[in-house]
There are 2 protein chains.
Amino acid sequence: MLKISKKADYALMALQHIAVVQFGDVTPGRVVNTKEIAEEYNIPLELLAKVLQTLAKHALIESHNGPKGGYLLARRAHQITIAQILESIEGPLGITDCSHEKDGELCMQRENCHIRTPLLKVQDSIAQLLNNMTLQDMMGGTPLITIQSPAAQGVER
Amino acid sequence: MLKISKKADYALMALQHIAVVQFGDVTPGRVVNTKEIAEEYNIPLELLAKVLQTLAKHALIESHNGPKGGYLLARRAHQITIAQILESIEGPLGITDCSHEKDGELCMQRENCHIRTPLLKVQDSIAQLLNNMTLQDMMGGTPLITIQSPAAQGVER
DNA sequence: TCTTAGTCCGACCTTATTGATCGGAGACCA
DNA sequence: TGGTCTCCGATCAATAAGGTCGGACTAAGA
């Protein structure tokens with residue numbers, strides 16, 4: 001349960017790779033193309049292309065066309081959160097269907113639903129978790145963060 | 001992203017309802033059947049039946065057949081965690097495909113994968129979150145728990 | 001004891017989401 | 001200016017979720 005899609009998985013791998021290449025010590029500033037990543041991690045080329053294209057559209061990376069082209073991180077690694085990456089690929093975080101319900105479309109269960117509030121607390125905790133973790137952390141950074149469990153914030157009676 | 005299935009949603013509603021009926025002040029000990037829950041929360045009857053049946057198989061509730069039959073919580077509310085409920089319906093918690101990989105079947109990306117370890121830390125945090133929250137909390141309990149962010153535990157370099 | 005109504009149980013079908021693929025448009029370098 | 005390399009958008013197949021149907025069991029009531 002709560003599994004993230006393969007596309008999101010690929011996105012994380014790709015960004016981690018780009019970050020290391022671009023900000024690492026070996027070849028700083030180098031542009032990296034789709035093919036290189038696909039071969040390195042055994043990812044279907046065309047699918048990865050689509051993932052990177054989505055990330056570019058969400059302004060997490062910059063695309064450079066033509067020969068010697070490829071992708072570059074749009075920001076520094078510590079400014080890109082895991083939450084941003086996942087949301088680019090899979091849409092906004094939502095444990096339940098009614099997480100971002102507009103005023104018009106409310107679910108049939110809403111009226112008597114007693115689990116919405118506690119679940120939203122859980123969701124907030126996970127969001128906090130993903131927002132406090134960045135690409136930098138995946139490169140070896142060691143930030144120190146502490147978050148609160150939703151139960152500690154008080155649950156609706 | 002990270003959305004739980006509707007079946008899992010229904011399971012939470014149903015168990016919350018059963019818990020309130022069974023351990024509440026109004027009709028303590030009463031058996032509750034599928035139809036009652038389905039009507040109360042506008043859930044498709046047959047689908048809910050299947051969900052309850054799964055929960056019974058995992059020994060979270062007891063089924064009583066025949067007229068005046070229905071379901072009863074197998075344990076007290078504070079002994080049933082949200083994690084147990086979700087796992088009964090959706091299978092074990094796993095952010096990625098390689099979360100519970102057997103020794104035989106490892107993914108193609110495993111060799112060069114640098115995101116597995118950090119992701120497993122995130123997964124552990126979520127697991128901790130869900131394991132520390134019980135049905136009791138959904139009835140109005142207010143336990144105080146604190147958990148640690150995965151980043152704080154140190155991420156692989 | 002037999003009947004009958006109410007309940008749970010298991011297999012099946014339909015729909016939606018994800019995973020993967022193909023051909024085309026644009027940009028850079030020689 | 002031609003050719004090649006790259007990104008881009010639309011399309012198709014596989015998988016899982018959502019929902020439905022009829023059968024088996026139990027226990028109360030005559």
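Everything numeric here is computed off the predicted structure, so don't read it as measured data.
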Worksheet item: Between B/Thr134 and B/Ile80, does a side-chain contact (heavy atoms from CB on, under 4.5 Å) hold up when you go through it step by step?
Response: CA-CA 5 Å; B/Thr134 71; B/Ile80 299 180; 5.9 Å; no
Measure from [atom1] on [X] to [atom2] on [N] and round the result to the nearest Å.
{"X": "A/Leu2", "N": "D/dA17", "atom1": "CG", "atom2": "P", "value": "12 Å"}
{"X": "A/Leu45", "N": "C/dG19", "atom1": "CG", "atom2": "C1'", "value": "15 Å"}
{"X": "A/Ile43", "N": "C/dG19", "atom1": "CD1", "atom2": "P", "value": "12 Å"}
{"X": "B/His64", "N": "C/dG6", "atom1": "NE2", "atom2": "C1'", "value": "16 Å"}
{"X": "B/Leu72", "N": "C/dT7", "atom1": "CG", "atom2": "P", "value": "15 Å"}
{"X": "B/Ile89", "N": "D/dG19", "atom1": "CD1", "atom2": "P", "value": "14 Å"}
{"X": "A/Glu90", "N": "C/dG19", "atom1": "CD", "atom2": "C1'", "value": "13 Å"}
{"X": "A/Ile4", "N": "C/dT17", "atom1": "CD1", "atom2": "C1'", "value": "16 Å"}

Verify the contact: side-chain N or O of [X] to OP1 or OP2 of [N], cut-off strictly under 4.0 Å; return yes or no.
{"X": "A/Asn65", "N": "C/dC28", "answer": "no"}
{"X": "A/Thr34", "N": "D/dC7", "answer": "yes"}
{"X": "A/Ser63", "N": "D/dC8", "answer": "yes"}
{"X": "A/Tyr10", "N": "C/dT18", "answer": "no"}
{"X": "A/Ser5", "N": "C/dG19", "answer": "yes"}

Worksheet item: Under 4.0 angstrom, heavy atoms only, what part of the nucleic acid is A/Lys35 near: base, sugar-phosphate, or nothing?
Response: nothing
Item to complete: Could you tell me whether B/Lys68 contacts a base, only the sugar-phosphate backbone, or nothing, with contacts defined as non-hydrogen atoms closer than 4.0 Å?
Response: nothing
Discussion item. Determine whether the aromatic ring centres of residues A/His64 and A/Tyr71 are separated by less than 6.0 angstrom.
Written reply: no
Nearest to the side chain of [X], heavy atoms from C-beta on, is which of [options]?
{"X": "A/Lys57", "options": "C/dA27, C/dC8, D/dG9", "result": "D/dG9"}
{"X": "A/Lys7", "options": "D/dT26, C/dG19, D/dG9", "result": "C/dG19"}
{"X": "A/Ala56", "options": "C/dG10, D/dC8, D/dC7", "result": "D/dC8"}
{"X": "A/Pro44", "options": "D/dG18, D/dT20, C/dA20", "result": "C/dA20"}
{"X": "A/Lys6", "options": "C/dC9, D/dC8, C/dA20", "result": "C/dA20"}
{"X": "A/Glu46", "options": "C/dC28, D/dG19, D/dC8", "result": "D/dC8"}

Discussion item. Less than 4.0 angstrom from a charged side-chain N to a carboxylate O is my criterion; do A/Glu40 and A/Lys35 meet it?
Written reply: no
Response to the item:
Result for 5'-nearest mapping on DNA chain C, choosing between A/Leu47 and B/Pro67, is B/Pro67
Item to complete: Keeping the roles fixed (side chain from A/Gln123, backbone from A/Ile95), state whether a donor-acceptor pair exists under 3.5 Å.
Response: yes
Worksheet item: Has A/Arg76 got more than 12 heavy atoms of other residues, nucleotides or ligands less than 6.0 Å from its CZ?
Response: no
Worksheet item: Is there a donor in the side chain of B/His58 and an acceptor in the side chain of B/Glu87, or the other way round, less than 3.5 Å apart?
Response: no
Worksheet item: If each of A/Gly69 and A/Gln53 is mapped to the nucleotide of DNA chain D with the nearest heavy atom, which maps nearer the 5' terminus, i.e. the 5' end?
Response: A/Gly69
Worksheet item: Can you find an N or O donor on one side and an acceptor on the other, under 3.5 Å apart, linking the side chain of A/Lys50 with the base of D/dG9?
Response: no
